[in-house]
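Computation of the quantities below employed the complete heavy-atom set of this structure, encompassing side-chain atoms and omitting hydrogens, waters and symmetry-equivalent molecules. Counting starts at 1 for both ligands and their atoms, following the listed order.
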Amino acid sequence: MLPGVGPKSAQRIAFHLLAADPADVKRLAHALLEVKEKVRFCRVCGNVAAEEECRICRDTRRDTHVICVVEESKDVVAIEKTREFRGTYHVLGGAISPIDGIGPDDLRIRELMTRLADGRVTELILATDPNLEGEATATYLARLVKPMGIKVTRLASGLPVGGDLEYADEVTLGRAFEGRRLLDV
Ligand SMILES: [Zn+2]
């Protein structure tokens, strides 16, 4: 049920909990419930947030003319670690994947278009994962956004192909950001 926890690990955790102090187990259960209750999604960008808007959207020092589009909140964390980006984000909540039945309407694309409608955004950086679904999503968005006269860029190659953005190391991801290129569609 939890990512990265296989049957063996689950068994180890179960035995650990059986032997643990009931008070400790209660504290853990409370902590889990608190995460579920308090964490929500930013109404602007879709990133995880403790309040109506996430920490990045509330930060007035961020450049709101540049939006970096990512698939998941964990990608925001990965990019923030590079300290290469001072703009804002838009979290799609996944990528287009016909096999999994995920189409554009299942992602936060309408919300993105609303953000772009006032013409203040000058560059859209497409930082979806360097795999089939991520590329398809980037192409789809580029075709949608380009006619609006917004510069559309894609992270430079050099990221592990077929991989997940979050697994790229900080240096590689930072370089990919610096070397981003205009996307031709
Ligand atoms: Zn936000």
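- R175 and T82 share no donor-acceptor pair across their side chains, judged by distance under 3.5 Å alone.
- Closest heavy-atom contact between I109 and P104: CD1-O, 3.7 Å.
- Judged purely by atom type and a 3.5 angstrom limit, R86 has no side-chain atom pairing as donor or acceptor with the backbone of R61.
- Annotation for V35: hydrophobic cluster partners, listed by chain and number, are V39, F41, V48 (ILVMFWY side-chain heavy atoms under 4.5 Å, direct or chained).
- Summarising the hydrophobic clusters (Ile, Leu, Val, Met, Phe, Trp, Tyr; side-chain heavy atoms under 4.5 Å, direct or chained), the residues clustered with L18 are F15.
- Atoms of the protein (N, O or S only) found under 2.8 Å from the Zn ion (ligand 1) are C42 SG, C45 SG, C54 SG, C57 SG.
- By the side chain to side chain contact (heavy atoms under 4.5 Å, CB included) test, T88 pairs with R62, T64, I67, R115, sequence neighbours left out.
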